[in-house]
Amino acid sequence: MKIVVAVKQVPDTATQVKISGADPKAIDTAGITWIVSPYDEFAIEEALRIKEKRGQGEVVAVSLGPDRVKEALRSALAMGCDRAIHLNDPAWANADTLATAQALAAVIKQEQPALVLCGRQAIDDDMGAVGAQLAEVLDWPCASWIMDEAVDADAKTVRVGRQVEGGLEVFDIPLPAVLSAQKGLNEPRYPTLKGIMGAKKKEIKDVKPGDLGLTPGAPQLMVKKLEALPARPPGRIIQGEVKDAVKELVRALREDAKAI
Amino acid sequence: MANAYWCIVEDDRKGAPKKVMSEVLGEAGRLAGGTVEAVWLTDKATDDGIKQLGAWGASKVWVLENAAFAPYIGEVWVPALAELVAKESPKAIFAPVTSRMREFVARLAARLGAGLSADSVGFAMEGDALVATRPVYAGKVLAKMTWAKTPWIATMRPNVFKPAEASVAKSAQVEKPSVKIPTPRMKLVERREEVSTGLPELTEAETVISGGRGMKGPENYVILEKMAAVIGAAVGASRAAVDAGWRPHRFQIGQTGRTISPKLYLGFGVSGAIQHLAGMRTSKVIVAVNKDPEAPIFKIADYGIVGDLFEVVPALTDEFKKLLEK
Ligand SMILES: Cc1cc2nc3c(=O)[nH]c(=O)nc-3n(C[C@@H](O)[C@H](O)[C@H](O)COP(=O)(O)OP(=O)(O)OC[C@H]3O[C@@H](n4cnc5c(N)ncnc54)[C@H](O)[C@@H]3O)c2cc1C
Ligand SMILES: Cc1cc2nc3c(=O)[nH]c(=O)nc-3n(C[C@H](O)[C@H](O)[C@H](O)COP(=O)(O)OP(=O)(O)OC[C@H]3O[C@@H](n4cnc5c(N)ncnc54)[C@H](O)[C@@H]3O)c2cc1C
């Protein structure tokens, strides 16, 4: 069974983010540490587990982005993915979720996997849209925010639990399908030293729009500009004995902040 | 009506629109400068629900009622609504952020070849163009987004937009278009209900109480639940508390948990790590109680008490009781 995992490289969550002085639509990437988006690690882990459980198969990591993205693909390979595909072209520089989904879908059509795994959302742009849009472009069924999955013995259907408000909805989905991973699906492994060494020998194929028969046009959604977060007004530490402090807090919440 | 502003209805699955629809209809009405329309895909539309949507400002409710709409399945909902969009050419399509709306609206936008601004927290008209504001990079930056063409498609973060004032004098015209209902490939096996906490849903609650590693153990959350019962709050947790197994993951607030934007957030024994802030920094009023005066959460808190939460929580609960029993 072949599985494609869509992997996005994102700034480490703890990194300082500054808007670029030269381009108000972009962030200053100097000094940023890049990581694999945490939800995509759940997706990679799940794909590897499916392969290991079945004792056969292939896991292909796919990422769209500039040269730096190779590092994220190397991490995916170090975790155990078999090979990687890098959609790397300036024509994709302003891709929105739909253009991203269209590019990924074109690769998936060539690869013809039985299953595509994504993260619930990329933790930088936070759209939470690419997985569902990918399914729409491919005309495949999809389930978002999955908490568990089980592929049946002959790889014809997958049973998934998707998280919704107030519960879990369990579906049987015929393959091929797109699933997006929610936290709680699994605990991602750390790459072993052997994995890291082995990853250096694995293939990362560069793909251009022409290879996919695509000519990426202007995005449907455009960044107009980025703005720094307006500073919150300075807060107030309420001093004094606990019994007085809580009294004052409740008064302030009611009378000043009108929050209670 | 062509060029209408549409609001897709999120409901409680029992025939009542959720309260967040007052925010979506309110904001859409403000942007449209008048009429907005609601679009309700459901297996049971109730008259009361339609009245409610009208009272919140919908001049028309498009009711797409069919047993196949429950539970939500993208393969059914998307072609059904896309057919209506093709006929009616709305100018904008809005929905609140909920788990199914996130997926639905994304798939719909892909089918229509239109742009999507997900989890938006602000809108403005600049000339004839809609500009959406959305937090990116863990809420450290705000991105202003604009569309290449209509329909403008966006989801709205709950609790951020000013709700429409309900007015019983207003009523909605009802339209029941017939659309093709495709047969989905995926089939529901079962729905497992969570044990209800009896408290509001985390993402919808107007007040959220959050307990971090400072809570010291799962048994101590009962003091937060007591306070929650008094003020009608939801109880959430930091990742440290979730990873320790004290609370289920669905209660995690932050970058890898839920994004919340309540009127009031109260954090107890939460240090205020950047990933936690990512999920709650758009809260209107933030209160922090921490024994460490250097805890980063005090940097974004409106009110802080430096002290032991095990002393503060019971005393504060009593104070809330006194206030609310008056
Ligand atoms: C220089 C620059 C310019 C940009 N300009 C625009 C713009 O004009 N308009 C705009 O809308 N956006 C723009 N973006 C952001 C855009 O590229 C988003 O990253 C893209 O829309 C995907 O959205 P998301 O990251 O929120 O993914 P989500 O929808 O949150 O991602 C969900 C899942 O899809 C998969 N996925 C997402 N992205 C990728 C990827 N690149 N490769 C592989 N898998 C992926 C992952 O599995 C991920 O977990 C720009 C970004 C950069 C760096
Ligand atoms: C990729 C990634 C994603 C993450 N996503 C999230 C996320 O979604 N949500 C999230 O919350 N975190 C997330 N984290 C983790 C985050 O970095 C922090 O580790 C976490 O938020 C810390 O939780 P905490 O504040 O409860 O614990 P701590 O940082 O340990 O803080 C506990 C606080 O309690 C105080 N305290 C202790 N005892 C008392 C007492 N008796 N009275 C009063 N105060 C007391 C201490 O002074 C301290 O400030 C993520 C991390 C990474 C790397």
Student: Would you give the length of the straight line joining atom CG of Leu221(A) to atom CH2 of Trp152(B), rounded to the nearest 0.5 angstrom?
Tutor: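 Reported value, rounded in 0.5 Å steps: 13.0 Å.
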
Student: Of the backbone (N, CA, C, O) and the side chain (C-beta and beyond), which part of Phe298(B) lies under 4.5 Å from a heavy atom of chain A, both, or neither?
Tutor: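 Only the side chain of Phe298(B) comes within 4.5 Å of chain A.
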
Student: Under 4.5 Å heavy-atom distance to chain B, tell me which part of Gln163(A) shows up: side chain, backbone, both or neither.
Tutor: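 Both parts, backbone and side chain.
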
Student: Side chain, backbone, both or neither: which part of Ala109(B) has a heavy atom under 4.5 Å from chain A?
Tutor: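 For Ala109(B), backbone and side chain are both near chain A.
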
Student: Between Ala257(A) and chain B, which part of the residue has a heavy atom less than 4.5 Å away: side chain, backbone, both or neither?
Tutor: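 Contact with chain B is through both the backbone and side chain of Ala257(A).
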
Student: Can you tell me which portion of Gln255(B) sits under 4.5 Å from chain A's heavy atoms? Options are side chain, backbone, both or neither.
Tutor: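 Both backbone and side chain of Gln255(B) come within 4.5 Å of chain A.
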
Student: Measure Lys284(B) against the heavy atoms of chain A and call it side chain, backbone, both or neither at under 4.5 Å.
Tutor: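 Contact with chain A involves the backbone of Lys284(B) alone.
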
Student: So, for Ile237(A) and Val306(B), which heavy atoms are closest and what is the spacing to 0.1 Å?
Tutor: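 Minimum heavy-atom separation between Ile237(A) and Val306(B): CG2-CG2, 4.0 Å.
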
Student: Do other residues, nucleotides or ligands put more than 12 heavy atoms under 6.0 Å from Glu194(B) CD?
Tutor: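 Above 12, so yes.
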
Student: Do Arg102(B) side-chain atoms and Met127(A) backbone N/O form a donor-acceptor pair below 3.5 Å?
Tutor: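 Checking the backbone N and O of Met127(A) against the side chain of Arg102(B), a donor-acceptor pair under 3.5 Å is found.
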
Student: Heavy-atom distances under 4.5 Å only: say whether Ile260(A) touches chain B with side chain, backbone, both or neither.
Tutor: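 Just the side chain, heavy atoms under 4.5 Å.
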
Student: Given the options Thr15(A), Val158(A), Val160(A), which has more heavy-atom pairs under 4.5 Å with chain B than any of the others?
Tutor: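 Winner by heavy-atom pair count: Thr15(A).
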
Student: Is any residue of residues 128-143 of chain A within less than 4.5 Å of chain B by heavy atoms, and which ones?
Tutor: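 Residues of residues 128-143 of chain A touching chain B at under 4.5 Å: Gly128(A), Ala129(A), Ala132(A), Gln133(A), Ala135(A), Glu136(A), Asp139(A), Trp140(A), Pro141(A), Cys142(A), Ala143(A).
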
Student: Given that the side chain runs from C-beta out, which part of Val312(B) has a heavy atom under 4.5 Å from chain A: side chain, backbone, both or neither?
Tutor: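 Its backbone and side chain both get close to chain A.
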
Student: If you apply the rule salt bridge (Lys or Arg N to Asp or Glu O under 4.0 Å), what do you find for Asp243(B) with Lys183(A), and how did you get there?
Tutor: CA-CA 11 Å; Asp243(B) 284 356; Lys183(A) 190 187 167 189; 3.2 Å; yes

Student: Side chain of Arg134(B), backbone of Asp126(A): donor and acceptor closer than 3.5 Å?
Tutor: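 Yes.
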
Student: With a 3.5 Å distance limit and no angle check, can you tell me whether Arg159(A) reaches the backbone of Val189(B) through a side-chain donor-acceptor pair?
Tutor: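 Flag not set: sc Arg159(A) to bb Val189(B) has no pair under 3.5 Å.
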
Student: Measure distances from Arg232(A) to the heavy atoms of chain B and classify the residue's part below 4.5 Å as side chain, backbone, both or neither.
Tutor: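 It is the side chain, since no backbone atom gets that close.
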
Student: Does any heavy atom of chain A fall under 4.5 Å from the side chain of Val289(B), the backbone, both, or neither of them?
Tutor: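 Interface part for Val289(B): neither.
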
Student: For Thr150(B), is it the side chain, the backbone, both, or neither that has a heavy atom closer than 4.5 Å to a heavy atom of chain A?
Tutor: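 The answer is neither part of Thr150(B).
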
Student: Look up atom CG in Asp172(A) and atom CD in Glu190(B), then write down how far apart they are to the nearest 0.5 Å.
Tutor: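 It comes to 10.0 Å.
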
Student: Heavy-atom pairs under 4.5 Å with chain B are the metric here; pick the option from Glu248(A), Lys225(A), Arg120(A) that has the most.
Tutor: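 Ranked by contacts with chain B, first place is Lys225(A).
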
Student: Check each atom of Val195(B) against the heavy atoms of chain A and say whether the ones under 4.5 Å are side chain, backbone, both or neither.
Tutor: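 Looking at Val195(B), nothing touches chain A.
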
Student: Heavy-atom distance under 4.5 Å to chain A: side chain of Ala301(B), backbone, both or neither?
Tutor: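 Contact with chain A involves the backbone of Ala301(B) alone.
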
Student: Would you compute the distance between atom NZ of Lys263(B) and atom CG of Leu253(A) and round it to the nearest 0.5 angstrom?
Tutor: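 Answer rounded to 0.5 Å: 14.0 Å.
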
Student: By a 4.5 Å heavy-atom criterion (distance strictly below it), what part of Leu323(B) contacts chain A: side chain, backbone, both, or neither?
Tutor: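 Just the side chain, heavy atoms under 4.5 Å.
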
Student: So what's closer than 4.5 Å to chain A heavy atoms on Leu324(B): side chain, backbone, both or neither?
Tutor: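 For Leu324(B), the side chain is the part near chain A, not the backbone.
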
Student: Which one wins on heavy-atom pair count under 4.5 Å against chain A: Thr256(B), Ile300(B), Ile231(B), Val285(B)?
Tutor: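 Most heavy-atom pairs within the cutoff with chain A belong to Thr256(B).
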
Student: Side chain, backbone, both or neither: which part of Leu249(A) has an atom under 4.5 Å from a heavy atom of chain B?
Tutor: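 For Leu249(A), the side chain is the part near chain B, not the backbone.
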
Student: I want to check something: taking the side chain as every heavy atom from C-beta on, are Val141(B) and Glu227(A) in contact at a cut-off of under 4.5 Å?
Tutor: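 No, side chains not in contact.
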
Student: Is Ala143(B) close to chain A through its backbone or its side chain, or both, or neither, when contacts mean heavy atoms under 4.5 Å?
Tutor: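 Contact with chain A: backbone and side chain both.
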
Student: Side chain, backbone, both or neither: which part of Glu193(B) has an atom under 4.5 Å from a heavy atom of chain A?
Tutor: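 Contact with chain A is through both the backbone and side chain of Glu193(B).
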
Student: Please look at Gln239(A) and chain B and tell me whether the side chain, the backbone, both or neither of the residue comes under 4.5 angstrom of a heavy atom of that chain.
Tutor: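 For Gln239(A), no heavy atom lies under 4.5 Å from chain B.
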
Student: Using non-hydrogen atoms and a 4.5 Å limit, figure out which bit of Ala259(A) sits close to chain B: side chain, backbone, both or neither.
Tutor: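 Contact with chain B is through both the backbone and side chain of Ala259(A).
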
Student: Name, in order of residue number, those residues of residues 164-171 of chain A that have a heavy atom at a distance of less than 4.5 Å from a heavy atom in chain B; otherwise write 'none'.
Tutor: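 Within residues 164-171 of chain A, the residues under 4.5 Å from chain B are Val164(A), Glu165(A), Gly166(A), Gly167(A), Leu168(A), Glu169(A), Val170(A), Phe171(A).
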
Student: Looking at chain A, which one of Gly113(B), Ala138(B), Ala273(B) has the largest number of heavy-atom pairs inside 4.5 Å, strictly under?
Tutor: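 Most pairs with chain A among the choices: Gly113(B).
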
Student: Heavy atoms only, distances under 4.5 angstrom: which of Met147(A), Met222(A), Arg254(A), Lys25(A) has the most pairs with chain B? Name it, please.
Tutor: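 It is Met222(A).
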
Student: So, Glu126(B) and Lys224(A), do they make that salt bridge, N to O below 4.0 Å?
Tutor: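 Counted as a salt bridge, because a side-chain N and a carboxylate O are separated by less than 4.0 Å.
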
Student: Non-hydrogen atoms of chain A under 4.5 Å away: do they reach the side chain of Arg281(B), the backbone, both or neither?
Tutor: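 It is both, since atoms from each part get that close.
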
